[in-house]
Amino acid sequence: MISKKMTKALNEQIVHELYSSNAYIALAGYFDSLGLKAMSRRFFVQSDEEREHAMKFVNYLMDVGAPVAVGAIPESKSSYASVEAGVSAALEQEERVTAQINDLMALAHEEKDYATASFLQWFIDEQVEEIATVTELLQLVRLAGPDRILMVEERLMRMEGAPGSKPA
Ligand SMILES: [Fe+2]
Ligand SMILES: [Fe+2]
């Protein structure tokens with residue numbers, strides 16, 4: 001059985017992951033409104049992944065016999081000043097989540113809760129990937145610049161079609 005403090009922290013992470021999921025739906029909608037279909041698709045896929053992350057926490061809590069609680073999910077921003085601002089917001093969100101996961105890992109170690117630490121290791125590794133992927137996208141958007149954003153669309157479409165290409 002895990003501690004009350006850890007249970008509370010893991011339940012809070014469910015909200016953070018669902019917030020990410022919602023934020024990426026909103027971002028996908030924003031990109032679609034600009035006609036950027038590939039950008040939009042990438043963030044819908046990412047949104048599904050974030051929901052899966054939330055469900056990993058739900059399943060872990062159930063596995064260890066701890067209560068699941070889902071708190072209020074803050075509203076997502078649905079409009080941005082530019083494509084770059086939207087992707088920057090996604091990077092900031094991933095940086096926040098990385099810090100949250102690191103805090104959870106620190107708590108697990110503090111409590112000598114090695115089962116939870118082992119569970120969290122997957123998220124530590126996942127965040128490295130997530131930061132890398134969104135940083136790469138932000139670089140592409142900046143390289144292309146606002147006038148040639150369609151080049152980013154073309155690149156993403158090629159990546160979608162390429163076998164073995166990294167998922168969003
Ligand atoms: Fe996540
Ligand atoms: Fe993420």
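For ligands, and for the atoms within them, numbers begin at 1 and follow the listed sequence. Numbers for residues simply follow the sequence, beginning at 1.
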What I want to find out is whether R142 reaches E84 closely enough, with some N-O distance under 4.0 Å, to be called a salt bridge. yes
In the protein, N/O/S atoms that are found under 2.8 Å from the Fe ion (ligand 1), waters not counted: E17 OE1, E50 OE1, H53 ND1
Might you confirm whether atom CE of M157 has over 12 heavy atoms from other residues, nucleotides or ligands at distances under 6.0 Å? yes
Plane angle bin for Y60 and F119 - parallel if under 30°, tilted between 30 and 60°, otherwise perpendicular: parallel
Going by the salt bridge (Lys or Arg N to Asp or Glu O under 4.0 Å) test, name the single residue among R42, R155, R41 that passes it with E160. R41
Closest non-hydrogen atoms of K56 and W122, given as atom of the first, atom of the second and distance, are CE-CH2, 3.5 Å
Flag the pair T98 / E130 as yes when at least one side-chain heavy-atom distance between them is below 4.5 Å, and no otherwise. no
